[in-house]
Amino acid sequence: MPARNRAQGPVRTCVGCRTREQATGLLRVVAVDGALVPDPRGRLPGRGAWVHPATGCLDRAERRSAFPRALRVPGPLPVTAVRSYLDGISAAQAADPAGGQQEGAGTVPVPSVTEDKVDPS
């Protein structure tokens, strides 16, 4: 089994297209009160499922009933909150002249090497 480089971060599987990708490139969703809720920060409690932030993967996951299976909850789950979140992301990227691509987007900021952390006294 090949060793995974810890600098790359965790790898998760999209429940829509079943491809593996870095967790920073996927959207975590959780079931709250019988409905799917987007968890972009990954901080909500409970079991989470991962999906690409694209309506195609969301549609595929919904058609395959992948969310209830991945989250281990009974019955179908409404995806309206996740769909409106993805529509908001799409609208924001369309309005952004840079195309939504920012260096380091989705990652934790790393302090610069030039910062001095030692107390001079």
Side-chain angles (χ1 to χ4, degrees):
M1 188 162 141
R4 186 175 60 149
N5 185 357
R6 289 276 183 206
Q8 291 178 353
V11 175
R12 301 288 184 251
T13 302
C14 173
V15 295
C17 63
R18 305 293 300 157
T19 58
R20 293 169 46 109
E21 190 172 323
Q22 298 294 317
T24 57
L26 297 171
L27 174 66
R28 181 176 186 258
V29 295
V30 296
V32 176
D33 295 329
L36 282 180
V37 176
D39 184 18
R41 294 182 54 221
R43 300 289 186 249
L44 291 177
R47 180 174 292 276
W50 298 82
V51 66
H52 282 107
T55 56
C57 283
L58 181 64
D59 292 340
R60 244 178 264 123
E62 187 177 20
R63 187 172 55 244
R64 293 177 47 239
S65 300
F67 288 118
R69 190 170 36 253
L71 298 171
R72 298 181 184 175
V73 296
L77 296 170
V79 297
T80 53
V82 178
R83 191 171 305 280
S84 63
Y85 177 81
L86 293 180
D87 290 342
I89 289 176
S90 298
Q93 287 178 348
D96 186 9
Q101 300 296 325
Q102 295 177 352
E103 187 176 334
T107 60
V108 177
V110 178
S112 66
V113 180
T114 59
E115 290 181 10
D116 191 11
K117 300 283 184 181
V118 179
D119 186 14
S121 57

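Remember, predicted model here, so these are calculated numbers, not experimental data. All heavy atoms count here, side chains included; hydrogens, waters and symmetry mates do not.
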Closest non-hydrogen atom pair between Pro68 and Pro76, with its separation: CG-CA, 4.2 Å

Side chains of Val15 and Val29 in contact at under 4.5 Å (non-hydrogen atoms): no

Shortest non-hydrogen separation from Ala49 to Ala70 and the atoms involved: CB-CB, 4.0 Å

Distance, nearest 0.5 Å, that separates CG of Leu58 from SG of Cys17: 12.0 Å

side-chain hydrogen bond (donor to acceptor under 3.5 Å, both in side chains) contacts in which one or both residues fall within residues 26-53, not counting sequence neighbours: Glu21-His52, Arg28-Asp39

Straight-line distance of Cys57 SG to Leu27 CG, nearest 0.5 Å: 11.0 Å

Co-members of Val32 in a cluster of I, L, V, M, F, W and Y side chains, linked at under 4.5 Å: Val30, Val37, Leu44

Interatomic distance, Leu36 atom CG to Leu77 atom CG [nearest 0.5 angstrom]: 4.5 Å

Summary of side-chain hydrogen bond (donor to acceptor under 3.5 Å, both in side chains) pairs that have at least one residue in residues 67-83, sequence neighbours excluded: Asp59-Arg83, Glu62-Arg83

Interatomic spacing from CG in Leu26 to OG1 in Thr13 - rounded to 0.5 Å: 8.5 Å

